[in-house]
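Okay, structure first, notes after.
Quick caveat, the model's predicted, so the values are computed rather than measured.
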Amino acid sequence: MTSFPRIDPVGLDGLLVRFGDALSEPANRAALAFRAGLERDAPAGIEECATSLVSTFVRFDPLGISLDDLHATLTERLTAQDWYSADLPEGRRRLHIPTVYGGDHAPQLAEAAEAAGLTEVEAIASLSQSEVRVTTIGFAPGQPYLGTLPEAWDIPRQTALTPQVPVGALVVAIRQLVLFSVTTPTGWRHVGQTKARLFQPESETPFLLRAGDVVQFPAISAEEFANLEGDGIRVERLT
């Protein structure tokens with residue numbers, strides 16, 4: 001049985017600190033907290049840190065520190081505390097992103113609700129009331145993966161692709177939500193639609209969301225969605 005955390009080499013100038021082999025709240029917490037700790041007090045030679053769902057990637061300068069020395073330093077950091085129960089990084093926020101569910105805007109709500117064993121009304125209530133964490137940013141610029149939803153939403157992705165969902169589409173599968181920053185095909189079911197602009201390249205902070213943020217997608221009607229001024233997003237600072 002594989003034990004975690006563990007450190008694996010990635011190419012000539014990278015190490016991957018893995019906290020699990022599947023998404024869980026403690027493993028995601030550990031990855032985010034460990035990255036934040038490295039960024040606060042980076043060992044010499046580290047050039048970049050990034051997180052995925054359950055791991056922290058560390059890119060280093062092989063001329064500044066050897067792989068063995070960095071491995072030893074990271075191992076010492078890992079054993080210094082319990083990262084699975086560590087505090088999440090500072091600067092996190094709670095965002096409320098108005099969302100219209102179902103109908104012409106999000107035509108796969110009924111299918112997703114049936115897969116989850118819920119009525120459409122129950123599905124909207126569950127999705128709109130859940131607070132989910134941005135577990136990672138990936139696939140496209142500024143695009144968040146969010147979790148973890150209640151167990152009913154442990155539904156698989158589709159076996160075929162939906163040809164296209166628009167920017168701001170909210171999709172669901174395997175107890176996660178993804179909010180799309182680009183127009184794209186997807187195998188995830190399109191259950192909600194927002195007006196969120198996740199990637200704003202003209203801004204000094206081009207990504208709307210950051211890993212560790214908490215998001216809620218309150219339900220609004222199709223009429224309210226049509227009349228929404230801007231994206232309607234409300235932001236609160238957590239820490």
Open item on the list: Between Gln216 (side chain only) and Ser128 (backbone N and O only), is there a donor and an acceptor less than 3.5 Å apart?
Closed with: yes
TODO: Please lay out, stage by stage, how Asp41 and Arg77 fare under the test salt bridge (charged side-chain N to carboxylate O under 4.0 Å, His left out).
DONE: CA-CA 11 Å; Asp41 181 20; Arg77 293 281 184 97; 3.5 Å; yes
Open item on the list: Less than 4.0 angstrom from a charged side-chain N to a carboxylate O is my criterion; do Arg18 and Asp8 meet it?
Closed with: yes
Task: More than 12 heavy atoms of other groups within 6.0 Å of Glu236 CD - done: yes
- [ ] Flag the pair Arg93 and Asp213 as a salt bridge only when some basic side-chain nitrogen lies within less than 4.0 angstrom of an acidic carboxylate oxygen.
- [x] yes
Task: Smallest separation among heavy atoms of Ile97 and Ala196, with atom names - done: CG2-CB, 4.2 Å
Open item on the list: For Glu114, I'd like to know if atom CD has over 12 heavy atoms of other residues, nucleotides or ligands within 6.0 Å.
Closed with: no
Open item on the list: Do Glu122 and Ser126 pair up side chain to side chain, a donor and an acceptor below 3.5 Å, judged on atom types alone?
Closed with: no
Open item on the list: Testing Phe57, Phe4, Phe19 one by one against Phe34 for a ring pair (Phe, Tyr, Trp, His ring centres under 6.0 Å), which residue passes?
Closed with: Phe19
Task: Side-chain (Gln108) to main-chain (Arg189) donor-acceptor, under 3.5 angstrom - done: no
Open item on the list: How about CD on Glu202, more than 12 heavy atoms from neighbouring residues, nucleotides or ligands closer than 6.0 Å, or not?
Closed with: yes
TODO: Check whether more than 12 heavy atoms from other residues, nucleotides or ligands sit under 6.0 Å from atom CG of Asn227, and answer yes or no.
DONE: yes
Task: Exam field: side chain Arg210 to backbone Gly91, donor-acceptor pair closer than 3.5 Å - done: yes
